[in-house]
Each structure stands twice: as structure tokens, then as C-alpha cells.
2 protein chains.
Amino acid sequence: MPPNPTSTRRDRATIEDVAAAAGVSVATVSRALRGLPNVAEPTRERIERIAAELNYRADPAASRLAAGRSRSVAVAVPLLDGWYFAHVVAGAEAVFAEAGYDTIIVGIGAQGEGRHVLEIAGPIYRRVDGLICVDVSLTDDELGRLQNERMEVVYVGHDSDAIPCMGIDDVEVGRLATQHLIDLGHRRIALINGQPDDVLGFVVPHKRQQGYESAHHGAGLTPDPSSQMPGYFTIEGGYQALSRLLDLPDPPTAVLSFSDEMAFGALWAARDRGVQVPHDLSIIGVDDHDLSVLLDLTTVHQDVAEQGALAARTMIELLAGREVPSGRQNTEVRLIERGTTAAPRR
Amino acid sequence: MPPNPTSTRRDRATIEDVAAAAGVSVATVSRALRGLPNVAEPTRERIERIAAELNYRADPAASRLAAGRSRSVAVAVPLLDGWYFAHVVAGAEAVFAEAGYDTIIVGIGAQGEGRHVLEIAGPIYRRVDGLICVDVSLTDDELGRLQNERMEVVYVGHDSDAIPCMGIDDVEVGRLATQHLIDLGHRRIALINGQPDDVLGFVVPHKRQQGYESAHHGAGLTPDPSSQMPGYFTIEGGYQALSRLLDLPDPPTAVLSFSDEMAFGALWAARDRGVQVPHDLSIIGVDDHDLSVLLDLTTVHQDVAEQGALAARTMIELLAGREVPSGRQNTEVRLIERGTTAAPRR
DNA sequence: GTGAAAGCGCTAACAC
DNA sequence: GTGTTAGCGCTTTCAC
């Protein structure tokens, strides 16, 4: 075979090239470049210099294969284009990038009709060191299988006592928002919820609903189940939900929407119907979406990017083998009073 | 060394397990499972059945190392939480997932101050087969280096004649929006642009501005450079930009914002100032953001998710070794007239 | 149509 | 503190 130095394989320096140039073995190069002990300082410096000159970087596939770690994590979300999910992912990605981890995104598809984690097992299998599930639930079996493959799992939104979970106090969110409406004098408070009835143990709306109910009970009121509509966490869903609520024989004077995006849809429906907000109807959301201030929407603020960042930091700790308390870690929420809520007209 | 069969390595079937169970060699298993020729149909079926039973999937790191392809792509975006970027990524991810590719997201950081592609080389180096740059530019040198490593590159938004680019006709966008305002009778039409002066050859605002200018010229008008403000493609930036425009000695009667999010900021500023839209001021955006209908914003519609999907399909073709025409592939745009534009008051 | 064997580029024992 | 070496699990010639 003729020597063919200018062919395809001109590309990249390997660890052997660095070792040869530095006059050491590949093992030493590997140690030096990963900051492991047992490398003399002058040796390390020389190797680092040469590696830089040669523009060498370890092939991730090769190190994954040899070491069993890929320095990448997956973030699973129902849909990528929702405001909430985009912000969680953004928060997580920034932290992971900083720490040298790659972020693989996996869209599960909303409404449970989509791919389930059984299927995302494909992208995830042996490809990532950890998985962050954002409002995506794993069955015990799935969780067990992942952990059996030495994968770390962190939840955002969902709850579990087996693994670390980031989120907010959703019961408090429901309570806070409902109490605000009750304090204003409302008695018929409708709900724009998530799914009609909960598909995959999506616990967030359940908990918010608990808060909604407890606020009612605390005021000696009984919530009316017939004024609780699914809004699917979309603008369109919120529109539909409020439309139906307004068709009720005894329509509500106020509505709590479990997301700002659904509240936007509700605002839209109200406008289409000629219903004056807040005079005829008060609307309160949850999230404090970037546009809520513009639409003057009263809402419960949460820091979504921070939850993503927290999840990422927790994951990094876990992957570093450090102990992390499983269970919930909540970020603060607070009521933001704006113009879409007021006392009922009578 | 004592045999230790029950230790850590209990996890997963390897290709050898499948080969043994099927009574064939690993080579045949590999061929069969990847749909390559030269496998007898009964053999293939048997192998597929056994692989399924054993829940076998090829280790991606091992195949990457052996084959040089990782079946994953990177999508680089300035920021992940903008509406536009979230939708491009969502569109691309769905297509990639369908085709069995993993999607790695890489946030570059807005405004050029962030990490540049030189640095994203880290996550990207030998880790992905291709890179989609969304409003992120590569220098010729960077592009050359990537291609030298046999990576395919596709642009969304940006322009290049060396590689395939997805987008819209940005000149037409600027022209269409400006013409709409001119047709309504406006003569002092301000602009809310992207960066103050263009950092990294971000060509999209430039082209929209060309359209803005050509519409002016076509009507015998001369655009006023002093009424062109940077809005940084953020809500906040749009707010600031309109605030400054309203402070001008001779404020505009209409403003074209190069994104709906900036237009939302402008709407907000107008409201804060007590400026009535559209009576005192017309505002038109670009995007047709999900919330534009709610804010009754006149805008130029584009299908963002489709651009991401197109980019992904193009990338898949490229990676399959099929020919793809380099150069631009535009999706349709159209004017959506809503309530924020009207004839000037006098 | 199928198998044997040589790597892909790295990490991790272990020996020195 | 450094080198040797045996894999990691797959793909891919090349024989048969």
C-alpha cells in the first residue's frame, strides 16, 4: 500500500500523536489532560501546550466507550415550543454548557398521545449519563431500568420521592391565586385546567387544584366541578375553555388558569365575546410569562429558567457522584397583581 | 482475577449476545440490524426477533467509533428561549427524531458577546454529523474546518452560497410591510432593527432593511436614518426603541418592527406613553407570533417550525450522501392585516 | 450469504 | 510519576 499522507485521514490529532510529540505514553497524556493526579507538573504543562498546538481534543465516542460516561444529558419535554419548556431548557442548557456537558433534547409529544419514555429510550440508551424529565413522568419500571443502566434522573415539575425534583409549591400556587380572587369578593371561580382527566399522573395541575379547593374550603365555599374545564396548557385550549365557561347557565365571575398561555387564550375569548375584563370577569394565570405584563395579566410568578438551571446543577452533582437529597426543591412563587383581576361587579 | 458475573456489568445485551443466541456471527447481526444487503431473509428475521427479545440496541458510542458517524446533529441558536428559536428547534427536532437522529442544542449567547462557534467546536467536535446554524454565522475558516471534519452544515436565517440555507425572502418581508404602511398613507415610517450595527454579518435585518428602503424609493420617499433604532430582537429592546422614537422631535406615524416580540415591546411602550395604536401610531411586526392575534398585531407571517423542519430534512439528505442544492430555500410569507395599523391621523 | 479478525481512539488496571 | 496493555462494543474489509 503506497503511503498516502494527503488522503482522507488528514484530519485530526489523536492521543497517540500528542503522546509521541510530548515524548510520553498515551496514558500520561490522558491523565494530564483530564486533570488527574500522578502527573508531574512540568509534564502536564508540556502536554497541555502540545495538545493545544495540535488542536487535540479527545474523541467523545472513544472516551464514552472506554470510560462508560458520555458527558451529555438528555432533557425530555412534552413540547419544545411552549414558553415554559423553552425556558426550562434554556436554563438547563446554559448550566450544562458551562460544565462541559452536551444537552440532547427529546420531544415527547404533548397529551400523552406522543412517544413515551419507552420510546425515547432509543435516543437515550447509552447515549447520555442522565435524563431530566420536564413535566414528563416515568413509570417505576422505566425509572428502574434507567437507574439500572446507571443513569441519573431528575424531575422538573413532576413529583417523586425516589429522585430529586425541582419545581414550585403547586398547592400554594393554586391557593394563592384562588385566595386573591376570594379576597376580591369572588364566589364563582372557574378553573382552566390541563388535561380533561389526568393521563400520565401529571401531578402539577392536581396539586394546583388542591390549593384551589383548600382556598375555597378555608372561606367556607365549595368549588363547582362543572366550572372546571381542560385547557391543555395551550393558548387555543384556554380560548376554548373560557368559551365553554361563558356558555354555562351560571357563568363564573372569575377564572383561574393554570398557565398564562391558557389565560391569554381566555383573554382572547373574552374579547371575542365582548366580555369586559376585569369588570365582567377576572382572570388570573400562573407563570408570569414575558408578555403577561403587556397584557396586564394578574398572575403567580415563577422563575422557570432557574428551575432548569437548578435541575442541571443537581444533575451535575449526581454525575460527580456526590450525594444529593432526593425529594423536592422548590423555588419561590409570588402573586403579581395586575389589571385582569378586580372585585366582581355585584 | 476472580470471575465476577453479578457485578456492575449486568446491564445490557451486546451484539455478541445476539449473535450467540441467533447462532450467527456478529458481522451478520450488524448487517441484518442495519438493513444491509447480503443477509438471507430468514436469517434477518430471526436476528431481528432475537434482538427484540433481548432488548438489544447498538451502543451509539461503539458504532460511532467504528463507523465514524454518530447519528446526531447539533442545532446552534443565539438564545433558546426566544419564540423564533424555540419554534425552529421544535420543527427540526421532530424531523430528526422521526429519522432516528439525536438533536443536541447549543446556545451561543445573544449579541455576539457569547460563545462563538470556535468554542462550540467543543460540543460539536466529532460528536455530531452535522450542524444547523440558526441565525448564527460561521467564518469561512470555521466552515472550512467543519467541512474538513466531514460535517455537514445548514443555515437557517443566514445566507451563504456555499451551503444550503433555509429561510424567507427577507427583502420581500421588509418591502411588504413597508408598502402596507405606505399604502395606508404613512410617510414617516420608523424602523425597529436588530443590533445597533451589525456584529457578525447577521444578514437578516440588513435584507429586511433593504426591502424597507426599496419600498420607500418606489414611492418616491427617502427613509430617515435617525428613526431607525436597535431593538435587539427582544421585547425589552422593542420597548426601549419605541420610547426613543417617541422622543424624537418629529416622531414617526408608523413603525416597522423586525420581529413581533419587539413589536410587543413597542406596543407596551406606546401604552405606557398614552400613545393610541393605531390612531396615533401604526405598528407592524414580522413573524406572526402565537400571541399576535391576541394583541391584534398586524404582521408578516412566516412558518418558523417549517423552516426548522426543512433544515432538518435537508441535513438528513446531506448525511445520506444525496445531492442537495446549496443556496437558499425560502418558505412563503404573507401580510396579516390586523388592528395595529391604520391610516395616519392626518 | 456468512465468518474471522483488525481496528476505531480512548481509559483504567496494573506493573514498574 | 510513568508506561504497558487489555479491553469498551461495534463496523468493515476480506476470505470463504
Side-chain angles (χ1 to χ4, degrees), chain A residues 1 8-48 51 54-72 125-127 129 149-150, chain B residues 1-4 7-48 51 54-72 125-127 129 149-150:
Chain A
M1 200 200 305
T8 359
R9 308 244 10 65
R10 277 272 18 76
D11 352 22
R12 272 299 178 176
T14 75
I15 197 172
E16 292 207 22
D17 301 332
V18 178
V24 295
S25 72
V26 293
T28 302
V29 174
S30 180
R31 285 184 206 112
L33 259 24
R34 287 181 303 147
L36 297 185
N38 290 331
V39 180
E41 206 44 50
T43 313
R44 184 189 306 273
E45 278 164 18
R46 182 161 36 93
I47 290 174
E48 278 171 351
L54 266 45
N55 201 13
Y56 168 79
R57 271 180 306 266
D59 182 313
S63 34
R64 164 63 175 89
L65 188 57
R69 300 262 117 190
S70 62
R71 279 199 91 77
S72 62
Y125 165 66
R126 290 215 171 173
R127 178 149 292 192
D129 302 338
E149 290 181 25
R150 316 231 267 88
Chain B
M1 197 201 303
N4 192 359
S7 81
T8 2
R9 308 237 17 59
R10 276 271 16 77
D11 353 21
R12 270 299 179 178
T14 74
I15 198 172
E16 293 207 22
D17 301 331
V18 178
V24 295
S25 74
V26 294
T28 302
V29 174
S30 180
R31 285 184 207 110
L33 259 25
R34 287 181 302 145
L36 297 185
N38 290 329
V39 180
E41 207 42 50
T43 313
R44 185 188 307 274
E45 278 164 18
R46 182 160 38 95
I47 290 174
E48 278 170 350
L54 265 45
N55 201 13
Y56 168 79
R57 272 179 307 265
D59 182 315
S63 33
R64 164 65 174 88
L65 187 57
R69 301 262 117 189
S70 62
R71 280 200 90 78
S72 61
Y125 165 67
R126 292 217 169 172
R127 178 149 292 195
D129 302 337
E149 290 182 24
R150 317 229 268 90

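Atoms considered below: every heavy atom in the structure, side chains included; atoms not considered: hydrogens, waters and symmetry mates. So that the names make sense, note that chain A is the first sequence line, chain B the second, and so on, each numbered from 1.
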Interatomic distance where [atom1] belongs to [X] and [atom2] belongs to [N] [whole Å]:
X	N	atom1	atom2	result
B/D17	D/dC8	CG	P	12 Å
B/I47	D/dT11	CD1	P	12 Å
B/R46	C/dG1	CZ	P	15 Å
B/R57	D/dC10	CZ	P	12 Å
A/E16	D/dG3	CD	C1'	13 Å
B/E45	C/dG1	CD	C1'	15 Å
B/L33	D/dT12	CG	P	14 Å
B/L65	C/dA6	CG	C1'	13 Å

Using a 4.0 Å heavy-atom cut-off, does [X] contact any base of the nucleic acid, only the sugar-phosphate backbone, or nothing at all?
X	answer
A/D59	sugar-phosphate
B/A67	sugar-phosphate
A/R64	nothing
A/A27	base

Does the side chain of [X] get closer than 4.0 angstrom to OP1 or OP2 of [N] through an N or O atom?
X	N	result
B/T28	C/dT2	no
B/R34	D/dT12	yes
A/S30	C/dT11	yes
A/R31	C/dT11	no

Requested in this report: Return the 5'-most residue of the pair B/A62, B/T43 with respect to DNA chain C, ranking by each residue's nearest nucleotide.
Outcome: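 In this pair, the answer is B/T43.
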Query raised in the report: For DNA chain C, whose closest nucleotide is more 5', that of B/P37 or that of A/L36?
Result: B/P37
Among [options], which nucleotide sits nearest the side chain of [X]?
X	options	answer
A/V39	C/dG3, C/dG7, D/dT2	D/dT2
B/A58	C/dG3, C/dG9, D/dC10	D/dC10
A/S63	C/dC8, C/dA4, C/dC10	C/dC10

Query raised in the report: Which pair of non-hydrogen atoms, one from A/Y56 and one from A/T14, has the smallest distance, and what is that distance?
Result: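 Closest pair (atom of A/Y56, atom of A/T14, distance): CE1-C, 3.4 Å.
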Pairwise distance [atom1]([X]) to [atom2]([Y]) - rounded to 0.5 angstrom:
X	Y	atom1	atom2	value
A/R64	B/S70	CZ	OG	13.5 Å
A/R44	A/T28	CZ	OG1	10.5 Å
A/I15	A/I47	CD1	CD1	9.0 Å
B/R69	B/D129	CZ	CG	4.5 Å

**Report entry** 4.5 Å side-chain heavy-atom contact, B/R57 and B/R12
**Finding:** yes
Query raised in the report: Less than 4.5 Å apart, any side-chain heavy atom of A/S63 and any of A/R71?
Result: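 No; the side chains remain at least 4.5 Å from each other.
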Requested in this report: Just report the end-to-end axis angle for the helix from C/dG1-D/dC16 to C/dC16-D/dG1, five pairs per end, to 10 degrees.
Outcome: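 The angle separating the two end axes equals 30°.
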Query raised in the report: Is a donor on one side and an acceptor on the other found under 3.5 Å between the side chain of A/R31 and the backbone of A/N38?
Result: no
